[in-house]
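Okay, so here's the structure we're looking at.
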Amino acid sequence: MSRLADRAVAAFGTALLPPEHGGPAPAQFVERVGRYVEQLPATQRLAVRAGVLSLAAASYLTTGRSLPRLNPADRARVLGRVAAVGPDMGAAVEGLKAIVLLANGADAYADELLARAQGHDPARPDAALTVTSSTDSPSVVTTDAVIVGSGAGGAMAARTLAQAGVGVVVLEEGRRWTVEEFRTTHPIDRYAGLYRGAGATIALGRPSVVLPMGRAVGGTTVVNSGTCFRPPDAVQRRWRDEFGLDLADPDRLARHLDEVERTLQVAPVPLDIMGRNGNLLLEAATALGWRAAPIPRNAPGCGGCCQCAIGCPRNAKFGVHLNALPQACAAGARIVSRARVERVLHEHGRARGVRARRPDGTAIDVLADTIVVAAGAIETPMLLWRSGLGGHPRLGRNLALHPATMLAGRFDDDVYAWRGVLQSAAVHEFHESDGVLIEATATPPGMGSMVFPGYGAELLGWLDRAPRVATFGAMVADQGVGSVRSVRGQALVRYDIARADIAKLRVAMEAIGRLLFEAGAAEVLTGLPGATAVTSLPELREAVRRSDPASLHLAAFHPTGTAAAGADPQICPVDPSGRLRGVDGVWVADASILPSCAEVNPQVSIMALALAVADNIAGAHR
Ligand SMILES: Cc1cc2nc3c(=O)[nH]c(=O)nc-3n(C[C@H](O)[C@H](O)[C@H](O)COP(=O)(O)OP(=O)(O)OC[C@H]3O[C@@H](n4cnc5c(N)ncnc54)[C@H](O)[C@@H]3O)c2cc1C
Ligand code: SF4
């Protein structure tokens, strides 16, 4: 960053985490933040710079002095005053705070995190993959089928096709990561390297929603939490009956769901590695008489080091880079990494291949008559638009996010939420009735400090008490009101949450609060302005009731639906077999084809539907 921006970051640091009260020295803070911010895409980097410079200017304007020249209490007051100007300003200050606390916390806990990463031998070695970096790939490749994206959907499709004797090349924008890198790389570099846009992607709205997406060989399964739920029967029936998606008929999908669970080796979290965060959730649910259970996960050999979101250092989490992709390679598939597909090539209404770009901008053409697009719910419509195949009016629409909220509880004794499985236990009590699925979810050590309220001494106090904090999250089954658009070639995601879904979030927040108090929390952090910490259930209810939806802190990890598959050609860009309408030879097999929110963590649903689509593609090749 520029020296001016560095000074502004340092000033922000002295206000947020004053060195006088034990916060990091300004130079250390600048180094920690710079390490992350330098890895952000240019737009976000500029936004961070503009944000810290505006805060520096606000200090001059309101006090006549720069932030570092004020005493710590006045610095915190300046931040509070700027944040209180309105919901947009509040969101801007909170956004900046989240970014710098992520970077600061990751570095502060880096030694502990890496020690835990290296505490055990990997459960298994890296898988044998036929993977070539695009820089070493020939510029023209010919094959039968090319798959864009190596994540949940792409990997499953690749395996089915390769095993059916179809020649397969998988093109993946991200790179391959090794377990040794997960064991030794600084947490913030893992975070920035494994996610699209260094993990700072958002869906704009009121409130905006943090929307991280993986980018690696293995896609988002490399960074996901390993939770493996089958789609509820009611959801499968809705897809079949309302959308004419026969693939989702429960009797037909069951075999693919079984196959996914077998491939992923799904099993409930063992109690001995769950950790106290999950145990508190289960104990509280039992006391309340609510249905709850350890989460089924794809993590054979998990040691509970809570780093799933930045790559498993034990190779225990069984993402598709460790099963479906090596199985596809064993059957002859080849993967080209660091190859961003720019467009699908087609002529006279028939697919002819794809053009991808290496990181240096040079082209690779992979020529094939079958293209399987599996770039994820945000990038799949972008690719189709870039290719001149985005004519369907519903492409990019119908985006459901399954938005998530999180509450934290402060206990009188240690919880160490990060010593255990990252996502470990679930409460199902409100799932069918309200579409609310509650999951005990922690973050890698140090990387969740954005849940803590306040600035200055108050915030530092919370960081000190972090070991005593438990975090429970909930996701709500939402309507597909979001959209993706291409603006100057960049994905612009818009999501204005529906009123009915805000009501579900309120149910979720109250239920989480009840669980935390039942578990023994002395206070609950709501994230709501004006009532950030509450000490009783009535206080929480009142805070939730009065809350302005625009001030909710939301994140989402499950975007789906932007190229919905179904029978109605007016509504669904993809037909019920998985073919993109309007062109021959292009299929879609990822989160985009889910007609509506899966209402559970969706990787199993996506993989099962991808297997079903791939069977159809293999059938077309016979
Ligand atoms: C932090 C996090 C935790 C999660 N936890 C869970 C969980 O516990 N359980 C669960 O069920 N779900 C979870 N999910 C969601 C789940 O992982 C995703 O829904 C799923 O992986 C999506 O599958 P996909 O095939 O659509 O896309 P992805 O798995 O995202 O794969 C798409 C791939 O395509 C690549 N790509 C995109 N554009 C291009 C291009 N133009 N050229 C080449 N390659 C391209 C991307 O780099 C990416 O690797 C989580 C998600 C996140 C972010
Ligand atoms: S908690 Fe996650 S990162 Fe740690 S060993 Fe288990 S699966 Fe791997």
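Remember, it's 1-based here, ligands and their atoms both numbered in the order they're listed.
If you take CD1 on I273 and CZ on R297, they are separated by 7.0 Å, rounding to the nearest 0.5 Å. Atoms SG and CD, on C228 and Q265 in that order, are 11.0 Å from each other to the nearest 0.5 Å. The line from CG of L580 to CG of D575 is 9.0 Å long, rounded to the nearest 0.5 Å. The distance from atom CG of L211 to atom CG of L399, rounded to the nearest 0.5 Å, is 7.5 Å.
Only the side chain of R196 comes within 4.0 Å of ligand 1, judged by heavy-atom distances. Counting heavy atoms under 4.0 Å from ligand 1, residue V148 touches it through the side chain alone. With a heavy-atom cut-off of 4.0 Å, I606 touches ligand 1 through its side chain alone. With a 4.0 Å cut-off on non-hydrogen atoms, H321 does not touch ligand 1 at all. Contacts between S225 and ligand 1 below 4.0 angstrom, taking non-hydrogen atoms only, involve backbone and side chain alike. Of the heavy atoms in M382, none comes closer than 4.0 Å to ligand 1. Within the 4.0 Å heavy-atom criterion, neither part of P559 lies near ligand 1. If you look at A374 next to ligand 1, the close heavy atoms, those under 4.0 Å, all belong to the backbone.
Between F229 and H428, the ring-plane angle classifies as perpendicular under the 30° and 60° cut-offs. Using a 30° and 60° split on the angle between ring planes, W418 and Y416 fall in the perpendicular class, above 60°.
Counting atoms of ligand 1 from 1 in the listed order, those under 4.0 Å from a heavy atom of L171 are 43 (C), 44 (N). Heavy-atom contacts of R297 reach the following atoms of ligand 2: 2 (Fe), 7 (S) (cutoff under 4.0 Å). Which parts of ligand 1 touch T227 is read off a 4.0 Å heavy-atom cut-off, strictly below it: atoms 7 (C), 8 (O), 9 (N), 10 (C), 11 (O). Using a 4.0 Å cut-off to heavy atoms of G153, the atoms of ligand 1 that qualify are 25 (O). Close contacts between ligand 1 and A152 involve ligand atoms 20 (C), 21 (O), 23 (O), 25 (O), 29 (O) [criterion: under 4.0 Å to a heavy atom]. Remark: ligand 1 atoms within the under-4.0 Å shell around heavy atoms of R386 are 41 (N). Of all atoms in ligand 1, numbered sequentially from 1 with element shown, those under 4.0 Å from a heavy atom of H558 are 12 (N), 13 (C), 14 (N), 15 (C). Near P602, with a cut-off below 4.0 Å to any heavy atom, the atoms of ligand 1 are 10 (C), 11 (O), 12 (N), 19 (O). Those atoms of ligand 1 with a heavy atom of A216 less than 4.0 angstrom away are 49 (O).
For C228, no nitrogen or oxygen atom sits less than 3.5 Å from a nitrogen or oxygen atom of ligand 1, counting backbone and side chain alike. The shortest N/O to N/O separation between P212 and ligand 1 does not fall below 3.5 Å. In terms of polar-atom proximity, defined here as any N/O pair under 3.5 Å, N224 does make such a contact with ligand 1. Note: no N/O pair closer than 3.5 Å links A377 and ligand 1 by distance alone. The shortest N/O to N/O separation between A591 and ligand 1 falls below 3.5 Å. For the pair R215 and ligand 1, the shortest N or O to N or O distance does not fall below 3.5 Å. Polar contact check, E379 against ligand 1: no nitrogen or oxygen pair lies under 3.5 Å apart. At under 3.5 Å, a nitrogen or oxygen of E173, whether backbone or side chain, sits near a nitrogen or oxygen of ligand 1.
From the protein, the heavy atom lying nearest to atom 27 (O) of ligand 1 is G376 CA, 3.7 Å. Taking atom 31 (O) of ligand 1 as the reference point, the nearest protein heavy-atom neighbour is G151 CA, 3.3 Å.
Side-chain polar atoms of W587 and T370 form no donor-acceptor pair below 3.5 angstrom. Inspection of the S225 and T227 side chains reveals no N or O donor paired with an N or O acceptor under 3.5 Å. Using modelled atom types, one finds a donor on one side chain and an acceptor on the other under 3.5 Å when comparing D189 with Q39. Residues N601 and E439 bring a donor and an acceptor atom of their side chains to less than 3.5 Å of each other. No hydrogens or angles considered: nothing links the side chains of T184 and E180 as a donor-acceptor pair under 3.5 Å.
Ligand 1 is approached by G226 to a heavy-atom distance shorter than 4.0 Å. Within the structure, ligand 1 lacks R297 among the residues with a heavy atom less than 4.0 angstrom away. The shell of residues lying under 4.0 angstrom from ligand 1, judged by heavy atoms, excludes L383. Within the 4.0 Å heavy-atom cutoff, A339 counts among the residues contacting ligand 1. At least one heavy atom of Y195 sits closer than 4.0 Å to an atom of ligand 1. Ligand 1 does not have R338 within reach: every non-hydrogen atom of the residue lies 4.0 Å or more from it.
Without hydrogens or angle criteria, D478 side chain to L401 main chain gives a donor-acceptor distance under 3.5 Å. The backbone N or O of A440 sits nowhere less than 3.5 Å from a side-chain atom of N277 that would complete a donor-acceptor pair.
Electrostatic pairing of R238 and E599 counts as a salt bridge here, judged by a charged N lying under 4.0 Å from a carboxylate O. Under a 4.0 Å N-O distance rule, the pair R338/E172 does not qualify as a salt bridge. Between R419 and E112 there is a salt bridge, with a side-chain nitrogen of the basic residue lying less than 4.0 Å from a carboxylate oxygen of the acidic one.
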For this session: Apply the test side chain to side chain contact (heavy atoms under 4.5 Å, CB included) to residues R190 and Q307: give CA-CA distance (whole Å), side-chain angles for both, the deciding distance (0.1 Å), then the verdict.
Result: CA-CA 10 Å; R190 281 154 68 187; Q307 300 182 27; 3.0 Å; yes

Exercise. Can you list the steps and then say if S483 with R394 is a side chain to side chain donor-acceptor pair (under 3.5 Å)?
Worked result: CA-CA 9 Å; S483 64; R394 298 286 299 165; over 6 Å; no

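Under 2.8 Å from atom 4 (Fe) of ligand 2, one finds the following protein N/O/S atoms: C305 SG.
Summarising the local packing, CD of Q490 is surrounded by 12 or fewer heavy atoms from other residues, nucleotides or ligands at distances under 6.0 Å. The environment of D111 atom CG is sparse: at most 12 non-hydrogen atoms of other residues, nucleotides or ligands sit within 6.0 angstrom. Annotation for R230: atom CZ counts as buried by contact number, over 12 foreign heavy atoms lying within 6.0 Å.
The heavy-atom pair separating R159 from L611 by the smallest distance is NH2-CD2, 4.1 Å.
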